[in-house]
Amino acid sequence: MGTRVKWAVLAACVVLICAAAFGIKELVAPTPDTGAKAAINAFAAAWGRQDAAATASLTTAPGQAGESFTQTFQAMNAREVDVEVRKPVEYSDGTASFSLQTTWKFDADHSFTSTTSGGARHLSTGWKVTWDPGVIYPGLPAGGNLREIRTDATPAPTVTSRSGKTFMYLQPVNEIVLDPTQTRNVNASAAALANALAPIAPLITTSVINQKLAQTPGQAITAVTLRNSDMAVLSRDPASVPGVTVRKAGMLVMADRRLSSPLEAGLTNYWQAIRDATAGWQVQMVGPGLAPQRLDGEQGPPGPAVSTSVDQGVQLSLGDAAVEVGQPATIMALDAKTGAILGVAQNDYAAGRGNNLDAAYPVGTTLDPVLAAVDKAARANQETTDQVLDRLGLGVQFTIPGASAPAQGSGVATIDLQSAASRMSMTNMAALGVAMARSASGTMSSVAPYVINGVPTKVAGGSLGNLDAGLTTPIWAAMTSTAKTGDASDLTGAPGLRALVGTNGPEGPGWFVGVQGGKVIVIYTEGPKSGTAALQVAQKYFRIN
């Protein structure tokens, strides 16, 4: 028995000696630190993870703390949060103190840093941070939170027309929103809302509202957006309808309410890019009964006005012409010398079809004389037909800042000398018209259409370039013949007109490309007898002017 004890003692000594020899300081797992410092560090780590529930659970008032941290994390929307514990001190009476340096890092490469102080108490459940909103930011009231917001320079840029007058500007608007989950009778709310909107928006009928609701089941829809002056005309406050709210917002709108144009989307995108580039930021403290208090932020000067080539008079005429027919019609006018876009309009049918300036559509017989001249010029100049088409603006793809819609297919889908297979965009046909007008005046080169002054159009898939008489003369002759004795000969009020007219069959798209009065007019129509429809739109335009 004694021998066994001796061997046990000896074995223990060997283990200790080995442990010392290999630098092992502890043979058993260390007990976790349950002191104030550990609790405060865990609190800071949960905050850094932006885990509101975990952060709040380490305080003496999880419910109140959770609400403030949840609101702050959501409103700050930080990419990363660094929370550093400084000077933690534990006292013999079961309390502790500490300070925190918190840095909120945002996506736009800016940050906000604050220093706060707090305390901790030892409770039956362990150490907990004493809840005080001031641990988030000094002076934060109960129920308050921090938020990071975008700021925009003032005044907002305007969009000006060719004459320098305001074409579009930022205006307060009211979004009339119907949420089907907030009303017991959706159909009744839709009918009541349509009735309330009737004095100013009679086209927003019960049927239209129900169609919008059906497209996004269970989700709120914006029935219409109204200016403040429109709201004053209503006989009933839309917000009084169950499920309806009125959201205040700002929107770039036409200065002349008679105007409407597909250019609105592209110009708004360009305008918004300027606003985004000049945007600032601000961190605020907000709370019940507290006006938002700025804590930090930056804001630079406003951006410049967007100067466009749009002629408001021409735009108005185009709008009147586009509604001449009861089928999809889009009309575009350009300066014949420079390619500046003077205006674009389309009727509701074309808007409903999603017709735009960028998409490629079949041209059918419209370009027959052009393709014949291209083939002859290519052989004479020892060029490919693609090179000749490019120089006319037909074989390239245009991206026009302020006119081209982002994220949409654009340009030419098919280019060959078979008219039945050729597809062009309205901007391709516009470039052709401008090239022909310039060549007729002695300027033997093509240019890209544009709408924002000083901002060039991107040309891809080929190069514009010099033109030669061997190419342009037969095309101009064909345009002259079409206007005098061909399909466009019945048009009146258009002295000196030169035009190309064609369709892609009885049901296919119809085109009109005309040069008259220093302008190039391009019309695209769809539906039965679309060629005739294109001529009707052209005639209405010439009659107005």
Side-chain angles (χ1 to χ4, degrees), residues 12 15-16 19-20 23-106 111-148 283-290 292-296:
V15 171
L16 290 172
I24 301 175
K25 296 182 179 180
E26 293 183 281
L27 295 178
V28 294
T31 57
D33 183 359
T34 57
K37 183 177 180 180
I40 295 167
N41 284 336
F43 173 77
W47 185 339
R49 296 194 305 272
Q50 303 188 66
D51 186 336
T55 308
S57 71
L58 295 167
T59 71
T60 57
Q64 298 175 28
E67 183 178 349
S68 287
F69 275 111
T70 297
Q71 291 176 350
T72 294
F73 290 154
Q74 291 176 350
M76 290 292 273
N77 193 29
R79 171 175 50 84
E80 181 181 345
V81 183
D82 292 335
V83 185
E84 180 184 345
V85 178
R86 294 184 172 182
K87 300 178 181 179
V89 179
E90 183 178 334
Y91 304 103
S92 59
D93 64 352
T95 62
S97 64
F98 62 92
S99 64
L100 298 175
Q101 180 174 288
T102 307
T103 301
W104 304 82
K105 300 178 181 178
F106 305 98
S111 62
F112 169 67
T113 300
S114 64
T115 300
T116 58
S117 59
R121 295 167 55 195
H122 188 266
L123 306 177
S124 59
T125 54
W127 281 94
K128 300 290 183 181
V129 172
T130 303
W131 171 241
D132 180 346
V135 76
I136 295 179
Y137 191 83
L140 183 69
N145 61 274
L146 301 184
R147 69 181 183 186
E148 193 260 358
V283 172
Q284 297 178 338
M285 179 167 63
V286 296
L290 177 70
Q293 180 181 338
R294 180 186 184 278
L295 305 179
D296 196 6

When you measure from the side chain of [X] to the backbone of [Y], do you find a donor-acceptor pair of N or O atoms at a distance under 3.5 Å?
{"X": "Ser99", "Y": "Arg86", "answer": "yes"}
{"X": "Lys87", "Y": "Leu100", "answer": "no"}
{"X": "Thr59", "Y": "Ala56", "answer": "yes"}
{"X": "Thr72", "Y": "Leu146", "answer": "yes"}
{"X": "Glu90", "Y": "Ala120", "answer": "no"}

Minimum heavy-atom distance between [X] and [Y], given as atom pair plus value:
{"X": "Ala44", "Y": "Val85", "answer": "CB-CG2, 3.5 Å"}
{"X": "Pro138", "Y": "Thr116", "answer": "CD-CG2, 3.5 Å"}
{"X": "Gly66", "Y": "Ala52", "answer": "O-CB, 4.4 Å"}

- Apply the test side chain to side chain contact (heavy atoms under 4.5 Å, CB included) to residues Phe106 and Arg79: give CA-CA distance (whole Å), side-chain angles for both, the deciding distance (0.1 Å), then the verdict. CA-CA 5 Å; Phe106 305 98; Arg79 171 175 50 84; 5.9 Å; no
Does a side-chain heavy-atom distance below 4.5 Å link [X] with [Y]?
{"X": "Ser68", "Y": "Trp131", "result": "yes"}
{"X": "Arg147", "Y": "Pro292", "result": "yes"}
{"X": "Val283", "Y": "Trp104", "result": "no"}

Hey, could you give me the [atom1]/[atom2] distance between [X] and [Y], rounded to the nearest 0.5 Å?
{"X": "Phe43", "Y": "Thr55", "atom1": "CZ", "atom2": "OG1", "value": "6.5 Å"}
{"X": "Gln293", "Y": "Leu295", "atom1": "CD", "atom2": "CG", "value": "5.5 Å"}
{"X": "Glu67", "Y": "Asn145", "atom1": "CD", "atom2": "CG", "value": "9.0 Å"}
{"X": "Thr70", "Y": "Gln50", "atom1": "OG1", "atom2": "CD", "value": "11.5 Å"}
{"X": "Thr130", "Y": "Arg121", "atom1": "OG1", "atom2": "CZ", "value": "5.5 Å"}
{"X": "Ile136", "Y": "Met285", "atom1": "CD1", "atom2": "CE", "value": "11.0 Å"}

- Query: Would Phe98 and Val129 satisfy side chain to side chain contact (heavy atoms under 4.5 Å, CB included), going step by step from the backbone distance to the final call?
  - Reply: CA-CA 10 Å; Phe98 62 92; Val129 172; 3.9 Å; yes
- Quick one: list whatever passes ring pair (Phe, Tyr, Trp, His ring centres under 6.0 Å) with Tyr91, sequence neighbours left out.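 None.
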- Using the ring of each side chain (for Trp, its six-membered ring), is Trp47 parallel, tilted or perpendicular to Phe69, with breaks at 30° and 60°?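 Rings of Trp47 and Phe69: perpendicular, as their planes differ by over 60°.
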- Parallel under 30°, tilted from 30 to 60°, perpendicular over 60°: which one fits the rings of Trp127 and His122?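 Rings of Trp127 and His122: perpendicular, as their planes differ by over 60°.
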- Message: Quick one about Thr113 and Thr103 (side-chain donor to acceptor, distance below 3.5 Å, no hydrogens or angles considered), yes or no?
- Response: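 Present: a donor and an acceptor within the cut-off.
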- Task: Would you please test Phe73 and Asp51 for side chain to side chain contact (heavy atoms under 4.5 Å, CB included) and show each step?
- Result: CA-CA 8 Å; Phe73 290 154; Asp51 186 336; 5.8 Å; no
- Please list, chain by chain and in numerical order, all residues satisfying side chain to side chain donor-acceptor pair (under 3.5 Å) with Arg294, sequence neighbours excluded.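 Once residues adjacent in sequence are excluded, Arg294 has no partner under the side chain to side chain donor-acceptor pair (under 3.5 Å) criterion.
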- Task: Under the side chain to side chain contact (heavy atoms under 4.5 Å, CB included) rule, what do Lys105 and Phe112 come out as? Steps first, then yes or no, please.
- Result: CA-CA 7 Å; Lys105 300 178 181 178; Phe112 169 67; over 6 Å; no
